[in-house]
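Input: a single structure, listed below in structure tokens.
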Amino acid sequence: MPISVDIDVMLARRKMSVGELADRVGITPANLAVLKNGRAKAVRFATLAALCEVLECQPGDLLHWEAEGVPRADGVPQVGREAPGTAGR
């Protein structure tokens, strides 16, 4: 998926556990894990706002877009669609 979630980064910066974050945001640790591990198909704005409030950050600190099929900075190709213009090669 082209949208990545960086909750782990903010948890480390805030020295907070997943369980503590889940409690303070008001969601289950299992639902937080789904979001944290990139398996969520959607996130409610209320949940995103609560995450930002607890972690004292902006939505852009938690979410970022990566083009599919384009190698990341570390050279690992993205999973999913092929890069534009490369279909059938």
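Each residue takes its place number in the sequence, starting with 1. What you see is a predicted model, and the numbers here were worked out from it, not measured in a lab.
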Would you mind listing every side-chain hydrogen bond (donor to acceptor under 3.5 Å, both in side chains) that reaches into residues 27-36, with sequence neighbours excluded? D8-K36, T28-N31
Those residues that, when tested against R44, pass side chain to side chain contact (heavy atoms under 4.5 Å, CB included) (two or more places apart): T47
Partners of P59 by side chain to side chain contact (heavy atoms under 4.5 Å, CB included), sequence neighbours excluded? L48, C52
Under the rule for side chain to side chain donor-acceptor pair (under 3.5 Å), what residues qualify as partners of D6, not counting sequence neighbours? H64
Side chain proximity check, N37 to V5, heavy atoms < 4.5 angstrom: no
Ignoring hydrogens and angles, write down the donor-acceptor pairs under 3.5 Å from the side chains of residues 9-18, residues two or more places apart or on other chains.
from : atom 1 : to  : atom 2 : distance (Å)
R14  : NE     : L55 : O      : 2.5
R14  : NH2    : L55 : O      : 2.9
R14  : NH2    : E56 : O      : 2.9
S17  : OG     : E20 : N      : 3.0

Linking I/L/V/M/F/W/Y whenever their side-chain heavy atoms sit closer than 4.5 Å, directly or via other members, would V43 and V34 fall into one cluster? no
dist C57:SG -> L62:CG (nearest 0.5 Å) comes out at 4.0 Å
Listed by chain and number, what are the salt bridge (Lys or Arg N to Asp or Glu O under 4.0 Å) partners of E53, not counting sequence neighbours? none
Pair L32, L21 - check side-chain contact (heavy atoms from CB on, under 4.5 Å), show working. CA-CA 8 Å; L32 182 57; L21 179 60; 3.8 Å; yes
